[in-house]
Amino acid sequence: QVQLVESGGGLVQAGGSLRLSCAASGRTLSTYGMGWFRQAPGKEREFVAGIVRSGIATYYGDSVKGRFTVSRDNAKNTVNLQMNSLKPEDTGVYYCAARRTYGLARTPPEYDYWGQGTQVTVTS
């Protein structure tokens, strides 16, 4: 079992940037596909970005394409989410998640482990 801890959230003005990190412990992160999700108050959890085990392929939700970049450093057991050109609608709690199976995954039930989340607030 892997434990995930997110960091890097905070308050930022629209147009600004933040970099989120997800640190894993308990198991080697290279054995998991990883994803980032977010959830705003009163809304469902939304897929943001995913990255396969090797890091060779990434994929994004439509609302963040061209602004967010997901990466991983398996040697350091971390996954990062670089968020640029932030908008107020990017506000929410951001979660990283890990899945044991191969392939791309965009829905929460496809992931096996979750972090506790980190708050991102973008002001206009």
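Note that the coordinates shown come from a computational prediction; the quantities given were computed from them, not determined experimentally.
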For residues [X] and [Y], report the shortest heavy-atom separation together with the two atoms involved.
| X | Y | value |
| --- | --- | --- |
| A49 | L81 | CB-CD1, 4.0 Å |
| A98 | M34 | CB-SD, 3.5 Å |
| K43 | Q39 | O-NE2, 3.1 Å |
| I51 | Y59 | N-CE2, 3.9 Å |
| E110 | L104 | OE2-O, 4.1 Å |
| Y60 | F47 | C-CE2, 3.7 Å |

Less than 4.5 Å apart, any side-chain heavy atom of [X] and any of [Y]?
| X | Y | result |
| --- | --- | --- |
| V93 | F37 | no |
| L4 | C96 | yes |
| R45 | W114 | yes |
| Y113 | Y32 | yes |

Whether [X] side chain and [Y] backbone form a donor-acceptor pair below 3.5 Å:
| X | Y | result |
| --- | --- | --- |
| R67 | S85 | yes |
| N74 | R53 | yes |
| Q116 | E6 | no |
| Y95 | G35 | no |
| R72 | V52 | yes |

Practice prompt. Could you tell me whether the side chains of R38 and Y94 share a donor-acceptor contact shorter than 3.5 Å?
Written response: yes
Worksheet entry | E44 side, atom CD; T107 side, atom OG1 - distance, nearest 0.5 Å | 11.0 Å
Worksheet item: Same cluster for V70 and L86 if Ile/Leu/Val/Met/Phe/Trp/Tyr side chains link at under 4.5 Å?
Response: yes
Could you go through residues 9-30 and list every donor-acceptor pair under 3.5 Å that involves a side-chain atom there, pairing it with any protein atom two or more places apart or in another chain?
from: S17; atom 1: OG; to: N84; atom 2: OD1; distance (Å): 2.9
from: R19; atom 1: NH1; to: Q82; atom 2: OE1; distance (Å): 3.4
from: S21; atom 1: OG; to: N80; atom 2: OD1; distance (Å): 2.7

Fill in: Presence of salt bridge, D90 and K87, under 4.0 angstrom
no
